[in-house]
Amino acid sequence: MEPAEVFPLDALAYLQCALGFLGSLLLRQAASSYGRYVSPGAAFGVPARAAWALQELPSLAVPLWVCARTAAERLRRAPNRILLAMFLLHYAQRSLIFPFLIRGGKPMPLYTCVLAFMFCVYNGYLQSRYLSQYAVYTDDWVTDPRFLVGFCLWLIGMLINIHSDHILRNLRKPGETGYKIPRGGLFEYVTAANYFGEVVEWCGYGLASWSIQGGAFALFTFCILLTRAQQHHRSENTLYTAGCLFHRLGLGRGSLWEAVENRQSHQKEKMLKTHLLSSPLGTGEMALRCAHQLHHMSLTFLANIKVNYVGCFL
Ligand SMILES: NC(=O)c1ccc[n+]([C@@H]2O[C@H](COP(=O)([O-])OP(=O)(O)OC[C@H]3O[C@@H](n4cnc5c(N)ncnc54)[C@H](OP(=O)(O)O)[C@@H]3O)[C@@H](O)[C@H]2O)c1
């Protein structure tokens with residue numbers, strides 16, 4: 001690689017860190033606009049399977065193009081080859097297998113799909129260009145504790161991610177599109193076990209590559225997925241609380257439960273309040289009953305549901 005390219009590749013990595021922080025801040029203001037947070041009337045939705053396949057494909061195609069286009073000198077070294085294979089293996093699963101396993105996924109807004117596509121081009125180029133042309137490792141790097149621990153974390157994280165996505169998919173019976181509280185696997189301990197696995201995976205990759213580029217991708221993933229995991233955490237708490245409250249107050253879940261499920265968190269809370277205030281009971285009596293039920297539920301919750309109060313992510 002030309003020495004002149006060292007600086008741009010480092011600059012791209014620092015920019016990726018900045019984008020991770022910025023993305024996290026923006027997502028805190030407005031929930032990421034796909035999946036359960038997509039507005040019911042959102043225009044230009046791309047079918048979920050097509051969206052995932054198209055937007056993730058550059059992470060596979062760009063590295064292959066980068067390596068085929070120029071002599072990938074550094075790929076003669078085993079550590080570079082293994083690290084690039086780790087990256088490609090993940091994205092082969094994500095772009096060629098994951099989309100075709102989705103059940104009842106909601107259409108992806110076009111702009112979300114375009115942003116994800118651009119990120120995959122950017123990151124695919126950054127990681128593959130760095131590993132194929134620039135990264136210098138000695139041959140014994142593969143026995144270095146940083147590489148070994150990083151590789152194990154990457155593998156464990158990927159298995160957790162794939163297993164947790166499998167659990168999520170199987171929550172729905174054919175034809176269903178609603179949301180349920182996931183159980184089993186690491187969902188017994190964290191709300192968003194699939195995101196937890198993905199973060200562990202890329203932290204492992206960052207450690208094994210011991211580079212600004214690998215670390216930047218891990219940090220970006222952490223920033224984005226932590227924010228979305230916190231939103232899932234709140235959303236599932238609201239669903240669970242609303243469901244229990246309605247059930248215990250004898251209001252039933254029925255169509256309101258379905259309606260609540262399909263709206264964003266703040267709307268769910270608003271609907272819950274509106275429904276409670278317009279119920280046949282007086283508001284004072286309702287408030288007392290709510291307080292009593294919430295107290296009772298929090299104890300039940302702690303005893304029976306290991307997730308949610310413990311933490312959304314870690
Ligand atoms: N590296 C990164 O920066 C990054 C960023 C985003 C995602 N990802 C990865 O991409 C994969 C998918 O991400 P995602 O954000 O779509 O995950 P997600 O919100 O957890 O959804 C995954 C799938 O499971 C369904 N699902 C989720 N929660 C459910 C519930 N409680 N009940 C029933 N079905 C449920 C979703 O359906 P709906 O589509 O209908 O909601 C979707 O099809 C994950 O492995 C994630 O780690 C990586």
Side-chain angles (χ1 to χ4, degrees), residues 16 19-20 23-24 27 31-38 40 42 45-53 55-56 59 87 90-91 93-95 97-109 112-113 115-120 122-124 127 154 157-187 190-203 205-206 216-240 243 261-262 264 307-308 312-313:
Q16 191 174 43
L19 288 174
S24 170
L27 290 177
S32 41
S33 53
Y34 69 93
R36 71 179 72 178
Y37 307 110
V38 81
V46 184
R49 286 184 175 171
W52 277 98
Q55 75 191 29
E56 304 290 317
S59 291
F87 185 82
H90 172 93
Y91 279 104
Q93 195 276 342
R94 180 54 41 80
S95 60
I97 300 175
F98 173 82
F100 302 100
L101 299 174
I102 291 173
R103 272 193 203 174
K106 305 218 166 20
M108 180 88 69
T112 308
C113 187
L115 282 178
F117 180 90
M118 285 162 55
F119 174 77
C120 288
Y122 180 114
N123 191 46
Q127 303 302 327
W154 169 82
M158 188 166 73
L159 294 175
I160 292 173
N161 176 256
I162 291 173
H163 180 240
S164 306
D165 277 337
H166 169 79
I167 291 177
L168 286 177
R169 269 193 304 275
N170 285 292
L171 290 174
R172 287 178 179 153
K173 296 191 187 88
E176 281 185 346
T177 53
Y179 293 94
K180 300 170 185 179
I181 305 281
R183 303 302 305 263
L186 277 201
F187 283 108
V190 289
T191 301
N194 54 340
Y195 296 162
F196 173 74
E198 179 116 11
V199 169
V200 169
E201 186 180 352
W202 294 122
C203 285
Y205 168 82
F217 181 33
L219 183 69
F220 179 91
T221 305
F222 177 81
C223 290
I224 299 299
L225 291 186
L226 176 65
T227 312
R228 194 165 155 87
Q230 286 170 332
Q231 286 158 356
H232 279 17
H233 183 69
R234 281 197 295 275
S235 155
E236 278 170 27
N237 266 349
T238 309
L239 279 182
Y240 187 80
E261 270 188 321
N262 290 321
Q264 296 188 3
V307 293
N308 295 324
C312 63
F313 201 67

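Counting convention: from 1, in listed order, for ligands and their atoms alike. The shown structure was predicted, so the numbers you read here are calculated from the model rather than taken from an experiment.
Heavy atoms of I181 found under 4.0 angstrom from ligand 1: none, in either backbone or side chain.
Closest to atom 39 (O) of ligand 1, if we only count protein heavy atoms, is K106 N, 3.4 Å. Ranking the protein heavy atoms by distance from atom 22 (C) of ligand 1 puts L168 CD1, 4.0 Å first. With hydrogens left out, the protein atom closest to atom 25 (C) of ligand 1 is R172 NH1, 4.2 Å, a heavy atom. Of the protein's heavy atoms, K180 O, 2.6 Å lies nearest to atom 31 (N) of ligand 1. If you check which protein heavy atom lies closest to atom 20 (O) of ligand 1, you get N194 ND2, 3.0 Å. Here the heavy atom of the protein found nearest to atom 4 (C) of ligand 1 is L225 CD2, 3.8 Å. Protein heavy atom closest to atom 14 (P) of ligand 1, with residue, atom name and distance, is Y195 OH, 3.4 Å. Ranking the protein heavy atoms by distance from atom 41 (O) of ligand 1 puts Y179 OH, 2.5 Å first.
In terms of polar-atom proximity, W202 is not counted as a contact of ligand 1, lacking any N or O under 3.5 Å from an N or O of the ligand. Between E198 and ligand 1, an N or O atom pair is found at a separation short of 3.5 Å.
A side-chain N or O of N194 and one of D165 form a donor-acceptor pair less than 3.5 Å apart. Side chains of Q16 and N123: a donor on one and an acceptor on the other come within 3.5 Å.
Side chain of T221 to backbone of F217: a donor-acceptor contact under 3.5 angstrom is found. Although no hydrogens or angles enter the test, the distance criterion places a donor-acceptor pair under 3.5 Å between the side chain of T227 and the main chain of C223. A side-chain donor-acceptor contact under 3.5 Å links Q231 to the backbone of L27.
Short contacts between ligand 1 and G35, defined as distances under 4.0 Å to a heavy atom of the residue, involve ligand atoms 39 (O), 41 (O). Annotation for ligand 1: atoms under 4.0 Å from non-hydrogen atoms of Y34 are 6 (C), 7 (C), 14 (P), 15 (O), 16 (O). Against a heavy-atom cut-off of under 4.0 Å, H232 is close to the following atoms of ligand 1: 18 (P), 19 (O), 20 (O). Every atom of ligand 1 is numbered from 1 in the order shown, and the set under 4.0 Å from a heavy atom of W52 is 7 (C), 10 (O), 12 (C), 13 (O), 16 (O). Within ligand 1, the atoms closer than 4.0 Å to a non-hydrogen atom of F98 are 11 (C), 12 (C), numbered from 1 in the order shown.
Ranked by closest heavy atom to atom 45 (O) of ligand 1, the top entry among D165, I102, L171 is D165. The residue among H90, Q93, R94 with a heavy atom at the shortest distance from atom 9 (C) of ligand 1 is R94.
Not a single heavy atom of R103 lies less than 4.0 angstrom from ligand 1.
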What verdict does the side-chain contact (heavy atoms from CB on, under 4.5 Å) test give for R228 and Y34, after you've listed the backbone C-alpha separation in whole Å, the side-chain angles of each residue and the deciding distance to 0.1 Å? CA-CA 11 Å; R228 194 165 155 87; Y34 69 93; 3.0 Å; yes
Go through it in stages, so that I can follow the logic: the residues are Q55 and M108, the test is side-chain contact (heavy atoms from CB on, under 4.5 Å), and I'd like the CA-CA distance, side-chain angles, deciding distance and then a yes or no. CA-CA 10 Å; Q55 75 191 29; M108 180 88 69; 3.6 Å; yes
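A search for ring-ring contact (aromatic ring centres under 6.0 Å, His included) contacts involving F117 returns nothing, not counting sequence neighbours. Checked against ring-ring contact (aromatic ring centres under 6.0 Å, His included), F220 has the following partners two or more places apart in sequence or in another chain: F119.
A cation-pi arrangement is absent between R49 and F98, since the terminal nitrogen or guanidinium carbon is not both under 6.0 Å from the aromatic centre and inside a 45° cone about the axis.
For atom 33 (C) of ligand 1, a protein non-hydrogen atom is found at a distance below 4.0 Å.
Aromatic ring centres of H90 and W202: separated by under 6.0 Å.
Taking all atoms of both residues into account, the shortest heavy-atom contact from S59 to F87 is O-CE2, 3.4 Å.
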